[in-house]
Amino acid sequence: MFTFGETMVALRGSGPLKLGGTMQVSVAGAESNVAIGLARLGHAVRWAGAVGDDEAGALVLRTLRAEGVEVSGAALDPGAPTGLLLFEPRLPEVTRVHYYRAGSAGSRLTADAVEDAFSAAPPRVLHLTGITPALSATARSAAARALRLARRHGSLVCLDVNFRARLWTAEEATAVLREWVPFVDVLIASDDELPLCLPEDPGAEAGARAEALLDLGVGEVVVKLGAAGATVFSRALRDGPLHRPATPVRAVDAVGAGDAFVAGYLSALLDGEGPAGRLERAVTTGAFAVASHGDWEGAPTRAELGMLGTPPGTVVR
């Protein structure tokens, strides 16, 4: 599997930032979160991107290597810093995210890394998000180039819409995502993100929007519904859409749950599982993320996937 995008240093505050306090240092990025999730499940994963030639960039690459992600396609940019994001827990169930990524090394990503990755070994799966094209014109061009290369080499394309209103407007996102839809095999989105991918809104129901995307050539549409679980729409499903409720857990941090869901879904897809097996693993890995602090730190290994079914208070010896 191959993915690329911006990974930043992440600082997690203990409370409102304006009051000071302690911060925990880690790294975060939607694509690298998925890459780490897949690597922990035993899959070969390559990540490409650009980081600054600085200590923050060294932390990003060191973390990804330690998690088993192949980063030979990453570039060091001596002319720009590694991006930064701050997590501010403002209420028990509300976290604000502050980005400092304008002009960062990751935003200056070019198509060269994409070309090199496909030249070295065309991936079985290309995973993209709607975050990368929002970073800059060059990053957008790199993603568009990746889509064309994936089609040429027969790679399956997974797109997680992952709309970020602080990075671009809905109108800007719509213009790009609608051009991408014909290249996409698996589209993953929350129900409110689906209209961004459609030339016109067929109605308020997520099902109608998913069906419209299938009519445009998308192989399957996976709609994330948060605590309500997720639904898969596909022409291959003879009995209609397939729904799976979320796995109940004690939630401590919802950040990163969507990326963990995607990692689980792609893991099962790479294992040859059908839609039911993919959904099952996706909601399981998503639950691990919700039950753990951090973007990717709670991602399970393959041996841990069954742990959520154990009774409360179980001690695994």
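Using modelled atom types and a 3.5 Å distance limit, the side chains of Glu297 and Ser26 yield a donor-acceptor pair. Under the 3.5 Å distance criterion, with hydrogens and angles disregarded, no donor-acceptor pair is assigned to the side chains of Thr174 and Glu171. Side-chain N/O atoms of Glu31 and Thr129 include a donor and acceptor closer than 3.5 Å. With 3.5 Å as the limit, one finds no donor-acceptor pair spanning the side chains of Glu88 and Thr95. Looking at Ser267 and Arg281, their side chains do bring a donor and an acceptor atom within 3.5 Å of each other. In the model, Arg302 has a side-chain atom that pairs as donor or acceptor with a side-chain atom of His43 under 3.5 Å. With no hydrogens or angles considered, a side-chain donor-acceptor pair links Glu70 and Ser72 at under 3.5 Å.
Taking the side chain as every heavy atom from C-beta outward, Asp160 and Leu128 never approach each other to under 4.5 Å. Between Leu19 and Leu17, the closest side-chain pair of non-hydrogen atoms is not below 4.5 Å. When side chains are defined from C-beta on, Leu109 does not count as touching Leu135, because their heavy atoms never get closer than 4.5 Å. A 4.5 Å side-chain heavy-atom check between Tyr265 and Val232 finds at least one atom pair inside the cut-off. Within the 4.5 Å cutoff, side-chain heavy atoms of Leu225 are placed close to those of Val223.
The backbone N or O of Val27 lies less than 3.5 Å from a partner atom in the side chain of Trp296, making a donor-acceptor pair.
The existence of a salt bridge linking Asp295 and Arg12 is confirmed by a sub-4.0 Å separation between a basic side-chain nitrogen and an acidic carboxylate oxygen. Here Glu211 pairs with Arg235 in a salt bridge; the nearest charged N to carboxylate O distance falls below 4.0 Å. The existence of a salt bridge linking Glu172 and Arg140 is excluded, since no basic side-chain nitrogen approaches an acidic carboxylate oxygen closer than 4.0 Å.
Because its NZ or CZ atom is not both nearer than 6.0 Å to the ring centre of Phe87 and within 45° of the ring axis, Arg96 does not count as a cation-pi partner of that residue.
Nearest heavy-atom pair, Leu194 versus Ala210, reported as atom, atom and distance to 0.1 Å: CD1-N, 4.4 Å. Minimum interatomic distance between Val71 and Leu64 (heavy atoms only, all atoms of both residues): CG1-CB, 3.7 Å.
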Go through Leu279 and Leu242 one step at a time and tell me if the side-chain contact (heavy atoms from CB on, under 4.5 Å) criterion holds. CA-CA 9 Å; Leu279 269 185; Leu242 180 64; 4.1 Å; yes
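Two rings, from Phe118 and His153, have their centers less than 6.0 Å apart.
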